2 protein chains.
Amino acid sequence: MNVVTDTESKETSATHGAYLKLRDLILTGELPPGEKLKIEQLRKLLQTGASPVREALSLLTSDMLVERIDQRGFRAAPVGKANFEEILMLRCTLEEAALRASIQNADAAWEDQLVLRHHHMKRANARKSTDFEDAHKAFHMALLDNARLPMLTRYCSQLYDLNIRYRYLAAGGPSYQKRDIAAEHQSILDAALDRDADAATAHLIEHYQRTGEYLSSLMKA
Amino acid sequence: MNVVTDTESKETSATHGAYLKLRDLILTGELPPGEKLKIEQLRKLLQTGASPVREALSLLTSDMLVERIDQRGFRAAPVGKANFEEILMLRCTLEEAALRASIQNADAAWEDQLVLRHHHMKRANARKSTDFEDAHKAFHMALLDNARLPMLTRYCSQLYDLNIRYRYLAAGGPSYQKRDIAAEHQSILDAALDRDADAATAHLIEHYQRTGEYLSSLMKA
DNA sequence: ATGTCAAATAATATCGATATTTTTGGAGAT
DNA sequence: ATCTCCAAAAATATCGATATTATTTGACAT
């Protein structure tokens, strides 16, 4: 690293920083689906060397956000209706399993976390804060975390990100169609606090299916 | 690459070669769980540079076969009963979904594939061929491939590999306790050919649970 | 005009060296 | 003896340069 500690917090390695930045660029659509990702171009954009860029792209490959064609470099993963619907299906299957396990492990500390995350999400939404996306993910992940199944949690997190990408692409930004999302979140929260696994999972899946059908209807083929 | 084309087939990039070799070393336990993976050491072992090794390790991180501690290098992923049981649970959940989707898309070409893979597996087993592991995986993946859900298929493949690692670790090699595995495979195959999704998934899950309980009983904590 | 092949160009993949960080080991103080 | 701190050693992460491979371009033949 250089003499001066960067203005921006560079707490972690260059590789990790590049990973986070590139992921954000792809999720938000600033690097559109199918775009060729040239090392040199990204190297300049991220102000770093070729090795960290290359490693970050390798990691994103495993997140299914980047495609690698051997000896022919990297490109942003393509999108499509079939892919979107597979993501939706996997989310319903995996998040149901995770939420049920979470509720089985329910305790007071977890309930506190849920209430807190839900509150922060509402707060961010009211202020139209750009942090809403983060808070929304934090709430959904809090629902699942208590399962204490790290791999399952990781899959759900990955799939969440893949899904959010479609939302950005559909809207040019994170614009929820203001169906009564707040009420849906409230129902999920209430059922989880009641430790009613059937109701909670039903609400959760309904929540995803609705958003899914809307986005799916916007897509061709 | 050097002047002489390697005796061994080096069809792909050094990175990909390193990835496959390292994955094999970890799956078979030659690189035991928790082992520190030093770049220099692997560089010499694989006869390649630091960059391909590093990239291969990054990829294996996403396969959950390698753990990365930032600024502190890589190590082979640890193992444990909880991890094993999570893998087992996820396999049951995901493979059931995949097999049901596969059967829904059933056609003659798929049935042919199944029969063929099953035959090859039996053949490899009879000859006590070391290819049995590959043939076994090929049969199981053939059951799922017809779902045409690439992400789901990929998860299942990943989880299959994670599971096989425990088998190697438990036995020092791929030794199935000779319960009547052949009969179990036959039941799954027959049900799939009958397009009986309920029976096929029941047999499949039973197949996993049995192996799982046996391996789980061998593990501490 | 069009298709083919070869040279020129551009991009990737890999290497070797350096800078940074972590870990180790030992001297001195309590 | 044990703990703390600092220097030495080792390992990681990163950079810059080179070799390799893919792509483009344009000349030539059909």
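No experiment lies behind these values; they were computed from the predicted model shown. Chain letters run A, B, ... following the sequence lines, proteins first and then strands; every chain starts at 1.
Side chains of A:Arg148 and A:Asn146: a donor on one and an acceptor on the other come within 3.5 Å. Checking A:Gln158 against B:Tyr155 by side-chain atom types alone, a donor-acceptor pair falls below 3.5 Å.
Between A:Arg68 atom CZ and C:dT12 atom C1' the separation is 10 Å, expressed in whole Å. As rounded to whole Å, 13 Å separates atom C1' of C:dT14 from atom CG of A:Asp70. Atom NZ of B:Lys44 is separated from atom C1' of D:dA10 by 13 Å (rounded to the nearest Å). In this entry the distance linking CZ of A:Arg43 with P of C:dA13 reads 16 Å, nearest Å. The distance from atom CZ of B:Phe74 to atom P of D:dA11 is 15 Å, rounded to the nearest whole Å.
Atom-to-atom distance recorded for A:Leu25:CG and A:Leu65:CG is 11.5 Å, nearest 0.5 angstrom. Here B:Thr211 contributes atom OG1 and B:Arg91 contributes atom CZ; the two are 8.0 Å apart, rounded to the nearest 0.5 Å.
Both B:Gly49 and B:Arg72 lie near DNA chain C, and the one whose nearest nucleotide falls closer to the 5' end is B:Gly49. Between A:Gln71 and A:His16, the residue whose closest nucleotide on DNA chain D is further toward the 5' end is A:His16.
A side chain to side chain donor-acceptor pair (under 3.5 Å) with A:His119 is found for one member of A:Lys122, A:Arg117, A:Arg123 and no other, namely A:Arg123.
Checking the phosphate oxygens (OP1, OP2) of D:dT14, no side-chain nitrogen or oxygen of A:Thr48 falls inside 4.0 Å. When the side-chain nitrogen and oxygen atoms of A:Thr15 are compared with OP1 and OP2 of D:dT14, one or more of them lie within a distance under 4.0 Å.
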N/O donor-acceptor pairs under 3.5 Å from side chains in residues 31-41 of chain B, not counting sequence neighbours:
from, atom 1, to, atom 2, distance (Å)
B:Glu40, OE1, B:Arg43, NE, 3.4

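Ring planes of B:His16 and B:Tyr19: parallel class, angle under 30° (limits at 30 and 60°). Between A:His118 and A:Phe139, the ring planes lie tilted relative to each other; the angle falls in the 30° to 60° range. Note on ring orientation: taking the six-membered ring where Trp is involved, the planes of A:His207 and A:His140 are parallel (angle under 30°, cut-offs 30° and 60°).
Across residues 33-41 of chain B, B:Lys36, B:Leu37, B:Lys38, B:Ile39 each have a non-hydrogen atom less than 4.0 Å from an atom of DNA chain D (numbered order). Scanning residues 50-59 of chain B for heavy-atom distances under 4.0 Å to DNA chain C yields B:Ser51, B:Pro52.
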